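Every heavy atom of this structure was used, including side-chain atoms; hydrogens, water molecules and symmetry mates were not. Here the structure is a predicted model, which is why all the values come from computation and not from measurement. First the proteins, then the strands, lettered A, B, ... as listed; each starts at 1.
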There are 4 protein chains.
Amino acid sequence: MDGEVKKKQPGEKKERRRLEIITGALKLFARKGFYATTIPDIARSIGMSVGNLYNYFSSKELLAQAIIRHISAQLGAKIRVVNESDLSSREKIEKIVTIYFETAQKEPEMIDFFLRIYLSNREVFREGCEGMICVNEFVTEIMIFFDDGVARGELRNQDFFSAFGLFMGYLGGMVFLAGEAILPKPLEAYVDEISTNIYRALKAE
Amino acid sequence: MDGEVKKKQPGEKKERRRLEIITGALKLFARKGFYATTIPDIARSIGMSVGNLYNYFSSKELLAQAIIRHISAQLGAKIRVVNESDLSSREKIEKIVTIYFETAQKEPEMIDFFLRIYLSNREVFREGCEGMICVNEFVTEIMIFFDDGVARGELRNQDFFSAFGLFMGYLGGMVFLAGEAILPKPLEAYVDEISTNIYRALKAE
Amino acid sequence: MDGEVKKKQPGEKKERRRLEIITGALKLFARKGFYATTIPDIARSIGMSVGNLYNYFSSKELLAQAIIRHISAQLGAKIRVVNESDLSSREKIEKIVTIYFETAQKEPEMIDFFLRIYLSNREVFREGCEGMICVNEFVTEIMIFFDDGVARGELRNQDFFSAFGLFMGYLGGMVFLAGEAILPKPLEAYVDEISTNIYRALKAE
Amino acid sequence: MDGEVKKKQPGEKKERRRLEIITGALKLFARKGFYATTIPDIARSIGMSVGNLYNYFSSKELLAQAIIRHISAQLGAKIRVVNESDLSSREKIEKIVTIYFETAQKEPEMIDFFLRIYLSNREVFREGCEGMICVNEFVTEIMIFFDDGVARGELRNQDFFSAFGLFMGYLGGMVFLAGEAILPKPLEAYVDEISTNIYRALKAE
DNA sequence: GATGAATGAGCTTTCATTCAT
DNA sequence: AATGAATGAAAGCTCATTCAT
């Protein structure tokens, strides 16, 4: 009478489909922008009908919001690993920069969506992603990294947002420049320089 | 110095009208985004007919490109003044940060357009603004600032783009956070902290 | 009286479900109109799946037609009681008016469906409810009332439809005005006046 | 300096186009219903592009509201002529019934729109036609007819809406029956009988 | 130069209906 | 009998752009 009843858990296969949509839409949005990507585009790219797509996400905006939550969770999880290690702040910075750039290299759509869709089309996220709630998991990990560093005496105690803006603005800026094919060297080649810059900016004393 | 023939310089009044369009469109684009702003919107906002507007800019994209060039020129000019002064690099950084934040405060549409329209809707600038040519004047001034600092031995010699990404990514990130009303303090209150962070990251030794 | 085999009577439980659908759909149609009511709406409102609903009614139109037949039967039955009484025509008119208004008050969806769905969306009833066959039971009772009155010498002998149009058009018009909250008095307050008007119009001499 | 300036009166030709749309849309709405008539249908029927139609009416609902106002004005004007004559109430009733039926015969779309679109799809008129304001001109004339009759002692003084419901419900009902091809005789053949019924119902004493 | 009516492709979204389970 | 995911045609509406005046 309590043997796990599998049936009727509202998802399972539906959850898989949902993820397919998110992944497919993410790619298109990142490549072409929010407005230049149409719902038929997305549906076609994953072999689903327009109507059915709407059974999963009842508007284009809601889909975009699900995507940013997805990205935030993915990136957050990767950084959590770093936070849970016992590296020094200097080493953690390098790890995080590496993670960010690797992601930008291997799954460019994730970072691109973040930079070009989420940060720029605020009207799309106004209702449903107030403040930073849709990006909460990611921000939280950066906050933990920073607080830990301060607690250990490795980083200067300053307004979190000042440090956050430096860290994320810098990385975002570099990925943008890379995307525009302006950088003379490949992104990875900058890891050391950038980590050093960030560390110098944030370190104690 | 006054013999110049006024009439028939290919523009003059036309040039004035052109600037009106740029200024009006800039405001609307920055406020509502590229796609949500319509040509009739723009025409109406400056009391001009759609048809006539097309006599000045033959497409919405070309108008947007003219705007970003305009912004780049404005910001570039402000930074040139700093570069031409004989302040130390540390002081110049503070000046530039102040200029950027003041602009964000007083003419938010300029920075907003840069962050939300130019950086994000790349498809709009793909043809006509390859690389950073439309933003050239601004980038050049930052480059001059950096090279001077290095030449004077005040800044570490490193890849320019690494320094540029730090500087502009950081400032852009902070303005974004301010725009989202996430910052606990007003933007100006961060000038010192941020300038310090940037200087520490870039300084020699 | 109890030997009847319960199982396998081609309906029984099926008949009960059918009625549930009719009642539920009636409410929604009357409230929101034919086109604004969706099949999923209806299914949800009675806790049935869309697929299964189609086992009972193979199209939205057929469902609407079943509903109007249902209403006609209900109203017809109520009027039959009046016809079978031995009241005078004057009294019968008053009874019928009262029944109509009471129904409009207590089960507004019945009258509303009649006025707003059946009378207006003729395209829905074009095939399947030609003429007045779907509303036959109701019309028949009005006809009986009229013929009786004429036979008894209480009502003037005239074209039935002229009398029918007066009777039903009048009542429908009043319910409409009531629904629009235009009437200064509650509907019941008009029973006497209206019955008098109808009687004067139809009475012999 | 005061010779009538024709230019720039906001309409003229535009007004003509507007009327074309109203007339064309009226026909389609009356024939197929509000929801079954599409904007492309309407545009095609008058040889205009969809986009341009929206320059005249910014929504389907607003178009429908313009139509009912148009109809009300037309019918109101016809009845006004009767009101301004010095016929007896009995004769006026006959005139009005004749006008109504003639209109139903010659321009059936006007009466049909009134009965099937305006009266039934209230949601369409909820915002913009509150109460009876869109149908004001017509109702006013009926009110004048009634008040005059009472003032002259020809009609019984009773609640106006009771009389209005009788008059208009009756006529509407008859046109409906005619439209359903249920009447054994042509509509005009009923004028006398109906006028008599109405007169008997309303007359003094 | 200036006007704004006109075009029409294209967008997001809806929904009756089907069908594999 | 029952489910609800899937389909896809079609709807209302928008807007960059053109062009006759």
- [ ] Kindly state which residues belonging to residues 43-53 of chain D come within less than 4.0 angstrom of DNA chain F, counting heavy atoms of the residue only, listed by number.
- [x] V50(D), G51(D)

TODO: Using a cut-off of strictly less than 4.0 Å between a heavy atom of the residue and any atom of DNA chain F, enumerate the qualifying residues of residues 54-70 of chain D by number.
DONE: Y54(D), S59(D), K60(D)

Within this structure, what is the [atom1]-to-[atom2] distance between [X] and [N], rounded to whole angstrom?
X	N	atom1	atom2	answer
E20(B)	dG1(E)	CD	C1'	14 Å
K13(D)	dA20(F)	NZ	P	12 Å
I39(C)	dG4(F)	CD1	P	16 Å
I42(C)	dC15(E)	CD1	C1'	12 Å
R18(C)	dA2(F)	CZ	P	14 Å
K32(D)	dA11(F)	NZ	P	8 Å
L28(D)	dG12(F)	CG	C1'	16 Å
D41(C)	dC15(E)	CG	P	8 Å

Task: DNA chain E stem ranges, 3 or more consecutive Watson-Crick or G-U pairs under 3.5 angstrom - done: E:2-21 with F:2-21

Task: Salt bridge R126(B)-E123(B), side-chain N to carboxylate O under 4.0 Å - done: no

Task: Distance test, side-chain N/O of R17(B) to OP1/OP2 of dG1(E), below 4.0 Å - done: no

Check [X] against [Y] and note the closest heavy-atom contact, atom names and distance.
X	Y	value
I133(C)	G128(C)	CD1-O, 3.7 Å
R18(C)	A66(C)	NH2-CB, 4.1 Å
L119(A)	R116(B)	O-NH1, 3.6 Å
Q65(D)	V124(D)	NE2-O, 3.1 Å
N55(A)	K14(A)	O-NZ, 4.2 Å

Task: Pairs where residues 19-43 of chain B contributes a residue and the test ring pair (Phe, Tyr, Trp, His ring centres under 6.0 Å) is met, not counting sequence neighbours - done: Y35(A)-Y35(B), F29(B)-F34(B)

- [ ] Can you tell me which residue pairs pass the ring pair (Phe, Tyr, Trp, His ring centres under 6.0 Å) test with a partner in residues 42-64 of chain C, sequence neighbours excluded?
- [x] none

Sequence neighbours left out, cut at 3.5 Å: what donor-acceptor pairs do the side chains of residues 41-48 of chain C make with other protein atoms?
{"residue": "D41(C)", "atom": "OD1", "partner": "T38(C)", "partner atom": "OG1", "Å": "3.4"}
{"residue": "D41(C)", "atom": "OD2", "partner": "K32(C)", "partner atom": "NZ", "Å": "2.9"}
{"residue": "D41(C)", "atom": "OD2", "partner": "T38(C)", "partner atom": "N", "Å": "3.3"}
{"residue": "D41(C)", "atom": "OD2", "partner": "T38(C)", "partner atom": "OG1", "Å": "3.4"}
{"residue": "S45(C)", "atom": "OG", "partner": "I42(C)", "partner atom": "O", "Å": "3.0"}

Task: Centroid separation Y118(B) to F113(B) less than 6.0 Å - done: no

- [ ] Report the residue (F34(A) or P40(C)) whose heavy-atom-nearest nucleotide on DNA chain E is the more 5′ of the two.
- [x] F34(A)

Task: E127(B) atom CD, over 12 foreign heavy atoms within 6.0 Å - done: no

